[in-house]
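Down below is the structure, laid out as structure tokens.
Numbers here simply count residues along the sequence, with the first being 1. As the structure is a prediction and not an experimental result, all values here were calculated from the model. When a ligand or atom number is given, it counts from 1 through the structure's own listing order.
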Amino acid sequence: MSALLAVERVTKRFRGLTALSAVSFEVARGEMAVVIGPNGAGKTTLFNVITGFARPEEGRVTLSGEPLAALAPHAVVRRGLARTFQIPRPFKSLTVGETVSLARPSAAGNVLGAPGAAGVGSAERVLRLVQLWERRDEPAGTLSQGDLKLLEVARALATNPALLLLDEPYAGLGPGEMARLTRVVMDLHAAGLTLVIIEHKLRELMKLTRRVIVLHYGEKIADGTPAEVSREPRVLEAYMGGRGGMAEHA
Ligand SMILES: Nc1ncnc2c1ncn2[C@@H]1O[C@H](COP(=O)(O)OP(=O)(O)OP(=O)(O)O)[C@@H](O)[C@H]1O
Ligand SMILES: [Mg+2]
């Protein structure tokens, strides 16, 4: 399998703090990878570097072998890379449908197909996928936290990405919303979309993924199957004393 995303020895510092320290990994086309790590491990910073919201001091990121360096976030989206944010920031006065329609589809993705003609365009398709089509005329500001997160996913998908990055999509969701999101993630994965998903700890997605990357204080401390990483001494140490730990879910 060829690497769609390659992160090569990426280091990102904030003044004295090293948020990412020579982090390297590859994600193959069609693969689903889950990135976990305690608070402050560098997970969101990793997404920010990949998507052009932050510049690394060292290392580089490539998509299909092409460096993403120096591209602005909107240019990264045109290359086929879409993300959601940890805290959704909707335009509350826009409707659900308008929010998704504003996304400009890239030519890069192949999973959802090219956006069609009026009425059957990608907006309808992605809103149906996250089960928000019925609510397309409601202002985004009236949605629950869970529906807002699913709207974020729909907005990202409407850009027709080749690679989708989700930052803690499960945080703040109720059990029913979690199940809906899991269904969406499984459908996208089955359709061949490449996914990288941040989770706080081994949890919801561990039954579904075969690849877990663990960050701790900016370092990649493990990379493997859920069973492999949960046996790693450094991973157990990183989570020891943390809220809930990871053993219960591994
Ligand atoms: N813009 C910034 N300026 C200064 N420090 C930052 C900035 N962004 C992140 N950091 C620091 O970098 C480290 C990594 O932060 P990051 O948000 O990437 O962690 P995270 O793994 O996403 O954590 P969480 O699970 O809480 O979302 C933290 O110590 C954070 O305080
Ligand atoms: Mg984060």
task: Answer yes or no on whether Lys43 is positioned over the face of Phe47, meaning its NZ or CZ is under 6.0 Å from the six-membered ring centre and within 45° of the axis.
output: no
Just need the protein heavy atom nearest to [atom], so name the residue and atom and give the distance.
atom	answer
atom 23 (O) of ligand 1	Gly40 N, 2.8 Å
atom 6 (C) of ligand 1	Phe14 CD1, 3.3 Å
atom 27 (O) of ligand 1	Gln86 NE2, 2.8 Å
atom 17 (O) of ligand 1	Thr44 CB, 3.8 Å

Does a salt bridge link [X] with [Y], judged by any charged N lying under 4.0 Å from a carboxylate O?
X	Y	answer
Glu219	Arg234	yes
Lys149	Glu152	no
Arg211	Glu26	no

Please list every donor-acceptor pair under 3.5 Å in which a side-chain atom of residues 66-82 meets a protein atom from a residue at least two apart or in another chain.
none

message: Out of the candidates Leu205, Val196, Leu188, Val185, only one should pair with Leu166 under the side-chain contact (heavy atoms from CB on, under 4.5 Å) rule; please name it.
response: Val185
- prompt: Is there an N/O/S atom in Gln86 at a distance below 2.8 Å from the Mg ion (ligand 2)?
  reply: yes
query: Quick check: does Asn39 put an N/O/S atom under 2.8 Å from the Mg ion (ligand 2)?
result: no
Proximity of Leu46 to ligand 1 by residue part, where a heavy atom lies under 4.0 Å: neither
field: Shortest reach to atom 20 (P) of ligand 1 by a heavy atom, considering only Lys12, His216, Lys43
entry: Lys43
- prompt: Any link between Ile213 and Ile198 through a network of hydrophobic side chains (Ile, Leu, Val, Met, Phe, Trp, Tyr) touching at under 4.5 Å?
  reply: yes
Ligand 1 atoms in contact with [X] (distance to a heavy atom under 4.0 Å):
X	result
Leu17	11 (C), 12 (O), 13 (C), 29 (O)
Glu168	25 (O), 27 (O)
Thr45	9 (C), 14 (C), 15 (O), 16 (P), 18 (O)

Side chain to side chain contact (heavy atoms under 4.5 Å, CB included) evaluation trace for Leu129 with Val184: CA-CA 7 Å; Leu129 187 75; Val184 170; 4.2 Å; yes
Non-hydrogen atom of Gly42 closer than 4.0 Å to ligand 1: yes
message: Under 3.5 Å between any N/O of Asn39 and any N/O of ligand 1: does that happen in this structure?
response: yes
task: For Tyr170 and Thr182, test the side chains for any donor-to-acceptor distance below 3.5 angstrom and give the result as yes or no.
output: yes
- request: Evaluate the 4.0 Å heavy atom contact test for atom 29 (O) of ligand 1: does a protein atom fall under the cut-off?
  value: yes
